[in-house]
> 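First the structure, then my questions, so here it is.
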Amino acid sequence: MPERWDEFKVSSTERQVVRALGSIGSATLVSRVVGFVRDIVVALVFGAGPVTDAFFVAFRIPNILRRLLAEGALSTAMIPVFSEYFVTQSRPEVLRMLRAVLALALVALGVTALLGIATAPWLVTAIAPGIAEDPARGGLAVLLTRVMFPYVVLVGLAALAAGALNAQGRFFASALGPAVQNVGMILAISLLASRVDPPILSLAIGVLLGGIGQLLVQLPSLRRSGLLVLPGSQFRHPALARLLRLLLPAVFGLAAVQVMVFVNTLLASLLRPGSISYLYYADRVMEFPLGVFGIALASASLPVMARQAAARETRAVADTLNFSLRLAAYIALPAMAGLVVLRAPIVRVLFERGKFGPAETAATADALAWYAIGLAGFAGSRITAQVFYALGEAGTAVRLGIVAVGANVLAALVMMAPLGHAGLAGASSVGAYVNLVALLWAARRRLGPLGGRALVASVARTLAASLPLLVWCGLAVLVWPGSRSLLVDVLWLGGTIAGAVGLFWSASVVFDLPERTALLRMLPRAEPRSSPGA
């Protein structure tokens with residue numbers, strides 16, 4: 001038996017997930033805060049209108065490919081393969097595998113970027129026909145798309161590095177990458193907006209700078225782990241065939257989710273100017289709790305479930321899923337209540353300045369409320385889908401994702417007429433819950449009992465603990481000064497959120513919610529020391 005390369009040893013499933021969540025969540029928190037600063041700068045300089053619509057359409061195309069080919073599908077396919085190699089193979093064989101994967105990734109990502117640059121006009125027409133019909137906005141979107149497409153290569157390499165580090169239980173550096181991305185965009189706007197024509201081009205250049213930063217920030221961790229390699233020429237390495245078998249269904253599975261984004265963008269381009277931007281800013285607010293806890297939990301649970309699936313411990317996979325869903329609900333449900341009630345003050349404090357006025361605040365807040373309603377569905381479906389990637393059965397997630405896309409499209413066609421762009425946000429929430437229910441049903445058939453009673457009881461207790469928070473936020477909105485002073489609004493909102501969190505935490509103590517105790521394990525002082533033999 002070759003010497004095993006497995007440095008990630010812990011004493012329990014819950015401890016593995018929570019420790020990983022602490023690392024990913026803290027880095028993601030930094031990234032989301034810096035992301036809000038970026039969005040504030042974008043709103044201040046460019047507002048919400050035809051120019052930003054063109055940018056968000058252009059950015060969405062390479063960004064969706066990033067999620068499909070890089071951070072999403074590539075990560076879910078790599079982690080099971082990398083985990084097995086780290087556990088069962090020698091160091092030289094692991095390095096040979098990494099060189100082969102790196103070479104294949106460079107070729108695939110490079111070809112994708114070149115094709116994207118060449119077909120940019122057709123891509124813009126496909127994703128946003130309403131914008132493509134306008135020569136000014138359509139031409140700008142095509143220009144920005146071509147400038148940003150090399151970002152796919154950069155972020156793909158960053159995702160490859162993240163997969164190698166995550167498979168060894170190292171999460172912080174890769175999770176910090178988006179913060180570096182946001183810093184690059186902020187710097188580009190600050191330094192180049194007044195020097196390039198059109199000024200929005202500075203934001204596209206910032207995307208490229210941020211992609212370089214996402215890759216560079218992981219190099220020290222790769223070097224310390226002994227995983228920093230150059231590409232090789234072993235295109236027949238057996239790991240590549242297995243990686244491709246996992247990658248293709250993972251791409252289709254995540255593509256089903258991204259089709260929802262395409263549909264909403266296409267329909268929003270047919271509504272009044274600014275609708276795409278309203279949806280973007282609202283989605284950014286909603287993704288704060290989703291990214292810090294929901295997506296972080298999905299990322300933390302996948303390596304654990306992959307190891308359990310490799311050991312054929314299906315009962316352990318079910319237990320990990322149950323724990324992760326309970327923890328996600330504990331965060332998502334009170335966050336959902338707070339976002340819905342405080343939607344207008346939140347949007348005003350974050351974005352209302354410069355070219356972003358009260359009308360933009362109201363429109364963005366409407367979209368935020370409908371996005372927030374689906375927060376638990378977005379988080380839960382992302383976590384549950386990891387079960388099938390861990391089991392090597394991504395085809396199941398693909399089929400159920402298509403069902404969710406159908407529900408999203410149908411809901412969008414029904415809701416956009418009476419609600420406009422806010423109806424598109426609501427349709428996304430409908431699709432998320434349909435996806436979650438379908439995934440849970442399939443997981444129950446595959447794994448057996450999922451601990452449904454414990455999950456329902458946990459959700460019920462979390463809802464009860466959220467009631468004081470809901471009442472507090474509702475009363476606070478009634479006395480919201482709505483002043484023209486940003487400082488007053490910031491202090492009011494900060495105090496309201498702090499009071500809401502304190503009430504929910506106190507109610508969690510009263511109801512003795514175990515999820516509260518689990519979250520405390522993320523704190524270093526709360527982490528019990530392992531015994532020497534652990």
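What you see below is based on every heavy atom in this structure, not just the backbone, and it leaves out hydrogens, waters and symmetry mates.
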> Can you tell if the side chain of Phe149 reaches within under 4.5 Å of the side chain of Thr119, non-hydrogen atoms only?
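No, their side chains stay 4.5 Å or more apart.
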> Do Asp53 side-chain atoms and Ser277 backbone N/O form a donor-acceptor pair below 3.5 Å?
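Yes, because the side chain of Asp53 sits within donor-acceptor range (under 3.5 Å) of the backbone of Ser277.
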> Before you tell me yes or no, could you show the steps for Ile346 and Arg343 under side chain to side chain contact (heavy atoms under 4.5 Å, CB included), namely the whole-Å CA-CA distance, both residues' side-chain angles and the distance that decides it to 0.1 Å?
CA-CA 5 Å; Ile346 289 173; Arg343 59 190 183 277; 6.0 Å; no
> Which atom names give the shortest non-hydrogen contact between Ala204 and Val147, and what distance separates them?
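Between these two residues, the closest heavy atoms are CB-CG1, 3.9 Å.
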> Looking only at heavy atoms, which two atoms of Ala407 and Val430 are closest? And how far apart?
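Minimum heavy-atom separation between Ala407 and Val430: O-CG1, 4.4 Å.
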> Provide the closest heavy-atom pair for Leu279 versus Ala268 in the form atom of the first, atom of the second, distance.
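The answer is CD1-CB, 3.8 Å.
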> Could you tell me which residues satisfy side-chain contact (heavy atoms from CB on, under 4.5 Å) with Ala100, sequence neighbours excluded, listed by chain and number?
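Once residues adjacent in sequence are excluded, the partners of Ala100 under the side-chain contact (heavy atoms from CB on, under 4.5 Å) criterion are Gln234, His237, Leu240.
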> For residues 364-380, tabulate all N or O donor-acceptor pairs below 3.5 Å that involve a side-chain atom, not counting sequence neighbours.
unit_1, atom_1, unit_2, atom_2, d
Thr364, OG1, Glu360, O, 2.8

> What pairs with Phe388 under ring-ring contact (aromatic ring centres under 6.0 Å, His included), at least two apart in sequence or on another chain?
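None.
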> Minimum heavy-atom separation for Ala500 to Leu469, with atom names?
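Heavy-atom minimum between the residues: O-CD1, 3.6 Å.
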> Using side-chain heavy atoms (C-beta onward) and a distance below 4.5 Å, is Thr396 in contact with Leu391?
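Contact flag for Thr396/Leu391 side chains = no.
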> Do you know which two heavy atoms are closest between Gly431 and Ala404, and how far apart they sit?
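Heavy atoms only, the tightest pair is O-CB, 3.6 Å.
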> Tell me, please, which residues at least two apart from Arg446 pass salt bridge (Lys or Arg N to Asp or Glu O under 4.0 Å).
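Applying salt bridge (Lys or Arg N to Asp or Glu O under 4.0 Å) to Arg446 gives Glu393.
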> What's the spacing between Leu467 CG and Phe504 CZ if we round to 0.5 Å?
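Atom-to-atom, Leu467:CG and Phe504:CZ are 10.5 Å apart.
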> Going by heavy atoms in the side chains, are Leu419 and Leu424 under 4.5 Å from each other?
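Sidechains of Leu424 and Leu419: no contact.
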> Got a second to check how far Leu321's CG is from Arg326's CZ, nearest 0.5 Å?
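Going from the CG atom of Leu321 to the CZ atom of Arg326 covers 10.5 Å.
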> Let me confirm one number: the CG-CE distance from Leu267 to Met415, rounded to the nearest 0.5 Å.
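CE of Met415 is found 12.5 Å from CG of Leu267.
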> To the nearest 0.5 Å, tell me how far Ile497 CD1 sits from Cys473 SG.
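Between atom CD1 of Ile497 and atom SG of Cys473 there are 8.0 Å.
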> Looking only at heavy atoms, which two atoms of Arg146 and Pro121 are closest? And how far apart?
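Scanning both residues completely, I find the closest heavy atoms to be NH2-CD, 3.5 Å.
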> Check the pair Leu157 / Leu102 against side chain to side chain contact (heavy atoms under 4.5 Å, CB included), numbers first and verdict last.
CA-CA 8 Å; Leu157 295 178; Leu102 176 58; 3.7 Å; yes
> Between atom CG of Leu450 and atom CZ of Arg315, what is the distance when rounded to the nearest 0.5 Å?
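So the CG of Leu450 and the CZ of Arg315 are separated by 7.0 Å.
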> Sorted by first residue and then second, give each ring-ring contact (aromatic ring centres under 6.0 Å, His included) pair with at least one member in residues 397-425; sequence neighbours left out.
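Matches after skipping sequence neighbours: Tyr278-His421.
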> Write out all pairs satisfying side-chain hydrogen bond (donor to acceptor under 3.5 Å, both in side chains) with one or both partners inside residues 452-462, taking only residues at least two apart or from two chains.
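The answer is Ser458-Glu515.
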> Side-chain contact, heavy-atom cut-off 4.5 Å: Val155 with Gln214?
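With C-beta onward as the side chain, the pair touches.
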> When you compare the side chain of Phe351 with that of Val285, does any pair of heavy atoms fall below 4.5 Å?
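The answer is yes, as the side chains (C-beta and beyond) meet within the 4.5 Å cut-off.
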> When the ring planes of Tyr280 and Phe56 are compared, do they come out parallel, tilted or perpendicular, using 30° and 60° as the limits?
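Judged by the thresholds at 30° and 60°, the geometry between Tyr280 and Phe56 is parallel.
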> Quick check for you: to the nearest 0.5 Å, what is the distance between Leu400 atom CG and Asn435 atom CG?
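These two atoms lie 7.0 Å from each other.
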